[in-house]
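Keep in mind the model is a prediction, meaning the values are calculated, not measured. Whatever order the structure lists ligands and atoms in, that order sets their numbers, starting from 1.
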Amino acid sequence: MSIIENVRVKLAKSTGFCIGVKRAVELVLRIADEHRGKKIFTLGPLIHNPQTIAMLEEKGIGVLRSPDEAEPNSIVVIRSHGARPQDIEKLISRGAEIFDATCPKVALVHKIVKKFSSQGYATIVIGDPDHAEVIGIMGEAVGDVVAVNSPDEIDKLPNWNKVLVVAQTTMDYRTFDRIVAKIKEKYKNVIVRNTLCSETSFRQDEVEKLSEDCDAFVVVGGRNSANTKRLDKLASETGKPTFWVETAAELKPEDFAGIDCVAVVAGASTPHWIIDNVVDRLEAINRKFAPPWKWHWV
Ligand code: SF4
């Protein structure tokens, strides 16, 4: 944990892009550099961070909302969330050249679902049914497949003979455990593959540790980022005041009056420069609200 002693801002150890996002951003930037003159798109926003998307737009990298929008001879990059095989086939049929930046951890979930569903297993994906990663994973299933978000949904599922359980990689592991327990109550023949990503589990654990020392949380990340949303939920559940911001500009000094220590956590798609700006701004806010005896420290 990096502790900025004088101003009592604690920055979580694991911040900034996760390995999968870093790899995807680097790949797209390299493609843009090596294929000048070609039209380059990502299938959906590369990452759930508006500031990074704006930076990519400036470099001429566009976003396809659907494979139907692909242009012949263009380059389409599959983002770290992965994509449905049907969508990739569609892109190819429209004449696009594909570069795959699917995170290897997500690609592994695709492989597991493909293997077991072709053996007759019904697939339960624990995750948000509307999230791109879950949609991509579900697209691999040959037979029955469903995405569930809470234990209450399990009772309503059909009585399948054999069931495969996987998870959206960024799922909160406590919810995952609760849903798996419920699935095991209902089904006898269950294979569970814990596909949670340690990058996000570690960030979630840090929230609990930081809550022991800090009076408030600042969660940094895109409003459309699922893993940032989970961090915000976990931080709020500690009972400490929690402020979710996309950039430093959203921080309000009055929110931090009387607060001695602020923990800063960030989603896996939040760039370091945004986190640094937030920490800088918090330091400034703290100076403003610190009691006089602290002034000689800053
Ligand atoms: S959170 Fe994990 S699984 Fe998701 S992109 Fe990052 S490294 Fe890959």
Looking only at side chains, do T169 and E133 share a donor and an acceptor under 3.5 Å apart? yes
Would you say the side-chain atoms of Y173 and D205 include a donor-acceptor pair closer than 3.5 Å? yes
Listing by chain and number, what protein N/O/S atoms are under 2.8 Å from atom 2 (Fe) of ligand 1? C197 SG
Assess whether a salt bridge exists between K38 and E97, defined as any Lys/Arg side-chain N lying under 4.0 Å from an Asp/Glu carboxylate O. yes
Going by an N to O cut-off under 4.0 Å, is there a salt bridge joining R174 and E208? yes
Considering all heavy atoms of both residues, which atom of P129 and which atom of N149 are nearest to each other, and what is their separation? CD-ND2, 3.7 Å
Between S80 and G20, what is the shortest heavy-atom contact and its length? CB-O, 3.8 Å
